[in-house]
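Encoded as structure tokens, the structure appears first; notes follow it.
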Amino acid sequence: MHGSLPGQADVDRENLTEAGLDVVGLTAKGQLEIMELNLTLAPDRWVRPWSLRLDQRMAEGFDALWFARFPVDANEGEIADVLPFEEAWLRCFAGRRVVTLCPYIVGDMAADMRRAQLDDISSVHDRVVAVGAAVSSRH
């Protein structure tokens with residue numbers, strides 16, 4: 001599953017297709033679903049449809065859910081806004097068969113600010129890998 005920003009699902013489909021992913025074929029097989037995220041909901045309500053989707057897919061014979069979403073930019077406020085949703089996700093899917101890719105782009109920040117943001121991000125993720133930097137932490 002891919003979580004798109006509101007109004008961006010079609011653009012994400014196009015971008016993924018241009019990058020070489022067989023969006024049409026995978027969607028037809030039920031192996032890919034692109035959903036627009038409703039960011040107006042409280043975090044615990046926001047995560048419910050994803051939990052139901054996992055239950056449905058597992059009942060259909062899938063082994064796990066792979067979820068990726070839009071990247072969050074190097075804006076401190078934007079990262080802080082996303083963390084409560086990440087925490088709700090973590091609570092909801094703890095112990096369940098889910099792999100989540102949560103890209104954050106923090107490269108344009110000053111080193112001390114980037115380290116602080118990585119610490120915040122690490123608090124709600126099992127593993128954080130900083131590409132292009134010597135930072136990898138396990139929470």
Nearest 0.5 angstrom please: Met1 CE to Gln31 CD, how far? 13.5 Å

For Pro6 and Leu39, which heavy atoms make the closest approach, and how far apart are they? CD-CD1, 4.0 Å

Donor-acceptor pair, Glu36 side chain versus Ser4 backbone, under 3.5 Å? no

How far apart are the C-alpha atoms of Thr100 and Arg69, what are their side-chain angles, what is the distance that settles it, and do they pass the side-chain contact (heavy atoms from CB on, under 4.5 Å) test? CA-CA 9 Å; Thr100 308; Arg69 61 151 168 76; over 6 Å; no

Tell me the salt bridge (Lys or Arg N to Asp or Glu O under 4.0 Å) pairs involving residues 23-35, sequence neighbours left out? Glu33-Arg53, Glu33-Arg57

Do Val82 and Leu41 sit in one hydrophobic cluster, given that two such residues count as connected whenever their side-chain heavy atoms are within less than 4.5 Å of each other, even indirectly? yes

Are Leu26 and Trp66 joined in one hydrophobic group, where the rule is that I, L, V, M, F, W and Y side chains link up if heavy atoms are under 4.5 Å apart? no

Gap between atom CG of Asn38 and atom CZ of Arg48 - 0.5 Å precision: 12.5 Å

If Ile, Leu, Val, Met, Phe, Trp and Tyr residues are connected whenever their side-chain heavy atoms lie under 4.5 Å apart, and connections chain through other members, are Val99 and Leu21 in the same group? no

Might you work through the side-chain contact (heavy atoms from CB on, under 4.5 Å) test for Ile34 and Asp10, ending with a clear yes or no? CA-CA 9 Å; Ile34 296 176; Asp10 289 336; over 6 Å; no

Search all heavy atoms of Pro43 against all heavy atoms of Pro84 and return the closest pair with its distance. CB-O, 3.5 Å

Walk me through whether Leu32 and Asp22 qualify under side-chain contact (heavy atoms from CB on, under 4.5 Å). CA-CA 9 Å; Leu32 175 66; Asp22 180 13; over 6 Å; no

Does Phe93 have any ring pair (Phe, Tyr, Trp, His ring centres under 6.0 Å) partners at least two apart in sequence or in another chain, and if so, which? Trp89

Looking only at non-hydrogen atoms, find the nearest pair between Phe70 and His2 and report the distance. N-CE1, 4.0 Å

I'd like to check Leu54 versus Val98 (side-chain heavy atoms, cut-off strictly below 4.5 Å). Are they in contact? yes

So CE of Met58 and CG of Asp63: to nearest 0.5 Å the spacing works out to 6.5 Å

Please answer: with hydrophobic residues joined when any side-chain heavy atoms are less than 4.5 Å apart, are Leu65 and Phe85 in the same cluster? yes

Taking every heavy atom of Ala88 against every heavy atom of Asp44, the minimum-distance pair comes out as CB-OD1, 3.5 Å

Trace of the side-chain contact (heavy atoms from CB on, under 4.5 Å) decision for Ser51 with Arg96: CA-CA 10 Å; Ser51 181; Arg96 298 172 75 186; 2.8 Å; yes

Hydrophobic cluster membership, Phe62 vs Phe67, 4.5 Å side-chain cutoff: no

